[in-house]
Amino acid sequence: MALIGIALAVPLATASAQTADSSDNLVAGSVLVRGRILGVIPKHGSATISRIGGHLQNSDSVAPEVDISYFFTNHIAVEAEVGYEHTTLTAQGTRLGNVAIGKVSSVPIFVVPQYHLLPFSRFNPYIGIGLAILPYFDADPAGGLVQQLSVSSEAGAIFQIGVDYRVSGPWYANFDVKKLILSAHATANNGALSASGQVNPWVIGAGIGYRF
């Protein structure tokens, strides 16, 4: 009888452990909150500058970010993300050589519906397509040739691929890559100089998240 009891207890204990473990999966009703560090790599050379020629170049940057995802089903989630970026603008290859334009800050805002492939797996890759908004503020002209600076952008599209990996319990590691498709416009000296073009940066992120 003791052997029978042990034989019955082992699978019951295993099933209980599996149930407790599975409660931390990303499934319908889950809320995942992450903090990430982003590397922003803009497309260079697409914005031509009026009057002096050349092109406007954004510097690569590193940005902090927080996001929250809600899982409507086991496979479908929507991620809302906000970050902070500070970048340097330079006019490259102009008739005056390379010219410092200034610095500008932005608050990237992304809303991305996602499809998660393996909701009951520790390793859960996903893809997404959504909306990107890049409000610019705190434009700081470099001085010299540039005494005034204004930068704006239009809403654009975002394409995303990534993976969540359950490290332990409700804790997840994350890695993802995004491609933004959007246009930006910059003016200097109250419109005396202007540049418009595609920004289209790659955004590479890594971080950690907690499932509620």
Do the side chains of [Y] and [X] get nearer than 4.5 Å, heavy atoms only?
X	Y	answer
Ile101	Thr90	no
Arg211	Leu26	yes
Thr187	Leu193	no
Val112	Lys178	no
Thr87	Val40	no
His185	Ser152	yes

Do side-chain atoms of [X] reach the backbone of [Y] as a donor and acceptor pair under 3.5 angstrom?
X	Y	answer
Asn189	Gln147	yes
Ser50	Ser194	yes
His55	Thr48	no

- Apply side chain to side chain contact (heavy atoms under 4.5 Å, CB included) to the pair Leu180 and Val199, showing each step before the final yes or no. CA-CA 8 Å; Leu180 276 61; Val199 182; over 6 Å; no
Show the atom names and distances, to 0.1 Å, of all donor-acceptor pairs under 3.5 Å that link a side chain in residues 123-136 to residues at least two apart or in another chain.
residue : atom : partner : partner atom : Å
Asn124  : OD1  : Leu118  : N            : 3.0
Tyr126  : OH   : Asn174  : ND2          : 2.9

Please list, chain by chain and in numerical order, all residues satisfying side-chain contact (heavy atoms from CB on, under 4.5 Å) with [X], sequence neighbours excluded.
X	result
Asn98	Gln92
Tyr70	Val31, Phe72
Ala195	Ala47, Ile49, Leu56

For residues 102-110, which side-chain donor-acceptor pairs fall under 3.5 Å, sequence neighbours excluded?
residue : atom : partner : partner atom : Å
Ser105  : OG   : Tyr84   : OH           : 3.1
Ser105  : OG   : His86   : ND1          : 2.8
Ser106  : OG   : Glu85   : OE1          : 3.3

What pairs of donor and acceptor atoms, side-chain ones from residues 154-162 against any protein atom, are under 3.5 angstrom apart with sequence neighbours left out?
residue : atom : partner : partner atom : Å
Gln160  : OE1  : Gln114  : NE2          : 2.8
Gln160  : NE2  : Glu79   : OE2          : 3.4
Gln160  : NE2  : Asp176  : OD2          : 2.9

- Who are the ring pair (Phe, Tyr, Trp, His ring centres under 6.0 Å) partners of Tyr172, not counting sequence neighbours?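 Once residues adjacent in sequence are excluded, Tyr172 has no partner under the ring pair (Phe, Tyr, Trp, His ring centres under 6.0 Å) criterion.
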- Item | Residues that, via side-chain heavy atoms closer than 4.5 angstrom, fall in one hydrophobic cluster with Val62 |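 Hydrophobic cluster check, Val62: joined to Ile37.
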- Any pair counted as salt bridge (Lys or Arg N to Asp or Glu O under 4.0 Å), so long as it reaches residues 126-146, sequence neighbours left out: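 Residue pairs passing salt bridge (Lys or Arg N to Asp or Glu O under 4.0 Å), neighbours aside: none found.
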- Which pairs count as salt bridge (Lys or Arg N to Asp or Glu O under 4.0 Å) when at least one residue sits in residues 61-73, sequence neighbours excluded?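 Sorted pair list: Arg34-Asp67, Arg36-Glu65, Arg36-Asp67.
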- Pairwise ring-ring contact (aromatic ring centres under 6.0 Å, His included) hits with a residue in residues 187-212, at least two apart: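 Matches after skipping sequence neighbours: Trp171-Tyr210, Tyr210-Phe212.
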- Task: Name all residues meeting the side chain to side chain donor-acceptor pair (under 3.5 Å) criterion together with Ser150; count only those two or more places apart in sequence or in a different chain, and write none if there are none.
- Result: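 Listed in chain order: nothing, the list is empty.
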- Answer yes if Leu32 and Val66 sit in the same cluster of Ile, Leu, Val, Met, Phe, Trp and Tyr residues linked by side chain heavy atoms under 4.5 Å apart, and no otherwise.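 The answer is no; the residues belong to distinct hydrophobic clusters.
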